[in-house]
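Below is one structure, written out as structure tokens; the observations come after it.
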Protein chains: 2
Amino acid sequence: MENKKKSTIKDIAAVLGLTPSAVSKALNNHPRISEKTKIAVKEAAIQLDYQPNYLSSALRKGKSNLVGVIIPRVNSHFFSSVVENIEKVLNLNGYNIIMTQSNELYVKECQEIDTLLKIQVDGIIASMANETTNLEYYQKIKSKTELVLFDRGEEELNVDYVGIDDYKSSHLVVDHLVSQNCNRIAHIAGFKHIRIYKERIRGYKDALEKWNLESKENWIIESNLRLEDGRRIMQQLLDSSERPDAVYVAGDIAALGALQVLLENNIKVPEEIALIGFSDEPFTSLTQPSISTVNQHSDQIGKLTAEAFLERMKNPKKKTINRIILEPELIIRQSSNRDLK
Amino acid sequence: MENKKKSTIKDIAAVLGLTPSAVSKALNNHPRISEKTKIAVKEAAIQLDYQPNYLSSALRKGKSNLVGVIIPRVNSHFFSSVVENIEKVLNLNGYNIIMTQSNELYVKECQEIDTLLKIQVDGIIASMANETTNLEYYQKIKSKTELVLFDRGEEELNVDYVGIDDYKSSHLVVDHLVSQNCNRIAHIAGFKHIRIYKERIRGYKDALEKWNLESKENWIIESNLRLEDGRRIMQQLLDSSERPDAVYVAGDIAALGALQVLLENNIKVPEEIALIGFSDEPFTSLTQPSISTVNQHSDQIGKLTAEAFLERMKNPKKKTINRIILEPELIIRQSSNRDLK
DNA sequence: TATATTTGTTCAATCGATTGAACAAAAATA
DNA sequence: TATTTTTGTTCAATCGATTGAACAAATATA
């Protein structure tokens, strides 16, 4: 670091023969300060390369203008896109975000929460880790600051939430598969204790019922939805006595694993087994065959989450909870489109 | 937010009939405070659920214990792994990190730098965006706080740096390709204005020369190394009058694009054209054929970068610059291994 | 016993910006 | 001209924690 001490309002005051408070008010456009001094102060500020001391103003105002964002993984298009859009909106409103990742680990998530609370963020926007079942730390957030959840959230926390209609997503998927003449549809699911995965499972079952299709319990396999989970479970399905003719995977990465196993076993996709993933990760359009998937509108989720947060900040005492549920969109690609062939 | 006002040292002092300063000293283990009061204070602190006000102590101490980390993209295994390891080491030393991404855009990078400086981080750890050629903002960082670079850094900034030996990486790649009887080796390169890519190009040329191979200027194609760049350039190479028999791509994502084009054109990899990428992104082991690549030891880079930073914090006036260069490791997979077949 | 040293705590200033109250000068109104 | 209103600025307290100096009490030393 080269030595260059930052200038303060004191320095500006000294240069202009004013008091620090006059300078502070001028910079904040206080109505009682004359235009003339305001201009003079602002010019001097530029001259002296003045940067307001964030710490002191945050301390005085009791407001940091920082928002913590906790996501499970940064290394996913969905989450990084949501964060990008949250950031865009919040930046325009004078907030800066601190992005942290839980790596899907409960312990890490708790650590991150403690850190953010320590830093005194003005609020936290989060999507919960797969592992998280104990909501104690989220209650802690609620007791100290504002909380808005997206995608992975629990209703019992009773906070603003933005996500898609997971139940309906499954209907879209199953309806499409049925239209492709599939009638033995398996579901590689996420853990039931997480609301979104529970909803997808519920939608899957109801949709099967709607079409009078059998809903076999051992065709719903819960997992962490990592690549290796997709591989393992797909292999398991192939080895089973009755093979499905379609597999609906609750996550794209696991779907990729499943596809690898299918191809390795020389199974024709979608002719023998159709495959559908979830999230519209970019790679789904790059595989051979490309993978059908459900678009979760990450950009919209990010934007709406940020707006819900801003709304909450304006009105912290508001009792009503805002739950925004977006319409999912099924993206049909080669892995489930038998008409193409 | 439920209403629960945080307790301060004042509250603790009131409970115990002490002054705030005594409490502060007790909490900070000041030698002049008796063991008895220290214990009493610490107990009361727990009782009152006291959390030190980060803002005020940072203001007073002139130290935030926050470190800004700027990376080009969060959505890459290399960078997210580096950050993860930086975080691990810094957390153990009482620092918290604020991770931001430039999205490879110069303008965004400048914004992020301004934000971090505003928040008064104690230092910044960065890897530069592809677009960045103007070092003005990095000079600004240097003038205000500590700066440590990793992977993408420029020597003229004259700051601590951790990276791999890019020049040598190219030698490893070329030597291996030559051992596979390739002798028309093209290079899909990054932009020459970035040091690491310049070094890879230099290494590539020197290695070719070492083996008495022709180094054709139009077999070195600079790009942004995105997926579409890899696709476009690979197609270009296929359409050219003289096809290469090996392609060395300076980034894995572009290598994936190149591989897609090769497969779409029914070219046998590695028999007709061998392919090698760079960074050991996880997907390189998942493609068919799997892609050979160069391991940059992201975990080591993260750890060493954090340690260099801590060293610098301990000794801000130190004049000597620490440059740590790690050995690259070539990972040979199917896309370049003709012996396997 | 008188003096020096150690120990435990309080005092008061400080970090930098903000803000309501106070005050003086200028302008408007009676 | 006297009084009220408006305008522009300063004063002083504040946010919460930290820290060197000051002070008093307890203990050690001469």
Side-chain angles (χ1 to χ4, degrees), chain A residues 4-42 44-45 48-66 94 96 117-122 144-145, chain B residues 4-45 48-66 94 117-122 144-145:
Chain A
K4 196 190 273 183
K5 56 268 161 212
K6 309 122 191 155
S7 49
T8 69
I9 48 169
K10 260 190 193 169
D11 301 319
I12 300 179
V15 169
L16 298 176
L18 289 173
T19 54
S21 59
V23 173
S24 168
K25 283 175 179 159
L27 290 172
N28 289 300
N29 278 318
H30 189 103
R32 284 291 204 67
I33 297 287
S34 66
E35 264 326 299
K36 211 182 61 188
T37 21
K38 277 182 189 169
I39 291 169
V41 165
K42 282 169 187 172
L48 294 175
D49 188 29
Y50 166 76
Q51 295 287 119
N53 185 321
Y54 149 78
L55 292 172
S56 62
S57 85
L59 173 60
R60 180 61 232 257
K61 292 199 207 160
K63 196 160 182 310
S64 65
N65 278 322
L66 291 176
N96 288 118
L117 291 178
K118 173 181 123 187
I119 298 180
Q120 315 220 50
V121 293
D122 287 344
K144 306 216 177 212
T145 185
Chain B
K4 197 189 273 182
K5 57 269 164 211
K6 308 121 193 155
S7 49
T8 69
I9 48 169
K10 261 191 192 167
D11 301 320
I12 300 179
V15 168
L16 298 176
L18 289 173
T19 54
S21 59
V23 172
S24 168
K25 283 176 179 159
L27 290 172
N28 290 298
N29 277 320
H30 190 103
R32 283 293 203 66
I33 298 288
S34 65
E35 266 324 301
K36 210 182 62 186
T37 21
K38 276 182 192 169
I39 291 169
V41 165
K42 282 169 190 174
E43 253 169 27
L48 294 174
D49 189 30
Y50 166 76
Q51 295 285 120
N53 185 320
Y54 150 78
L55 292 171
S56 63
S57 85
L59 173 61
R60 178 64 230 256
K61 292 201 208 160
K63 196 160 183 308
S64 65
N65 277 324
L66 290 176
L117 291 177
K118 174 181 123 188
I119 299 182
Q120 314 221 52
V121 293
D122 288 343
K144 305 216 177 211
T145 185

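Atom set for the values below is all heavy atoms of this structure, side chains included, hydrogens, waters and symmetry mates excluded.
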- Heavy-atom nearest pair, S64(A) first then V121(A), reads OG-CA, 3.6 Å
- What is the minimum heavy-atom distance between K10(A) and P20(A), and which atoms define it? CG-CG, 4.1 Å
Say you draw a straight line from [atom1] of [X] to [atom2] of [Y]; how long is it, rounded to the nearest 0.5 Å?
{"X": "K63(A)", "Y": "L55(B)", "atom1": "NZ", "atom2": "CG", "answer": "12.5 Å"}
{"X": "S24(B)", "Y": "I12(B)", "atom1": "OG", "atom2": "CD1", "answer": "10.0 Å"}
{"X": "L27(B)", "Y": "I33(B)", "atom1": "CG", "atom2": "CD1", "answer": "10.0 Å"}
{"X": "N65(A)", "Y": "K118(B)", "atom1": "CG", "atom2": "NZ", "answer": "6.5 Å"}

- Evaluate side chain to side chain contact (heavy atoms under 4.5 Å, CB included) for T8(A) paired with N53(A), printing each intermediate quantity in order. CA-CA 8 Å; T8(A) 69; N53(A) 185 321; over 6 Å; no
- Comparing T8(B) with T19(A), nearest DNA chain D nucleotide closer to 5' gives the residue T19(A)
Heavy atoms only, 4.0 Å cut-off, all strands: where does [X] land among base, sugar-phosphate and nothing?
{"X": "S24(B)", "answer": "base"}
{"X": "L18(A)", "answer": "sugar-phosphate"}
{"X": "S21(B)", "answer": "base"}

- Item | Validation row: K25(B), I9(B) side chains within 4.5 angstrom (heavy atoms) | no
- Query: Backbone N or O of L66(A) within a donor-acceptor pair of the N96(A) side chain at under 3.5 Å?
  - Reply: no
- Message: For the backbone of H30(B) and the side chain of K38(B), can you confirm whether one donor and one acceptor N or O come within less than 3.5 Å of each other?
- Response: yes
- Item | Rounded to 10 degrees, the angle between the two terminal axes of the helix from dT1(C)-dA30(D) to dA30(C)-dT1(D), each from five pairs | 60°
- Just the endpoints, please: which first and last nucleotides of DNA chain C, 5' to 3', lie under 4.0 Å from a heavy atom of chain B? dT7(C) to dG16(C)
- Note on the structure: So, with a heavy-atom separation below 4.0 Å from DNA chain D, the residues of residues 51-60 of chain B are P52(B), N53(B), S56(B), S57(B), R60(B)
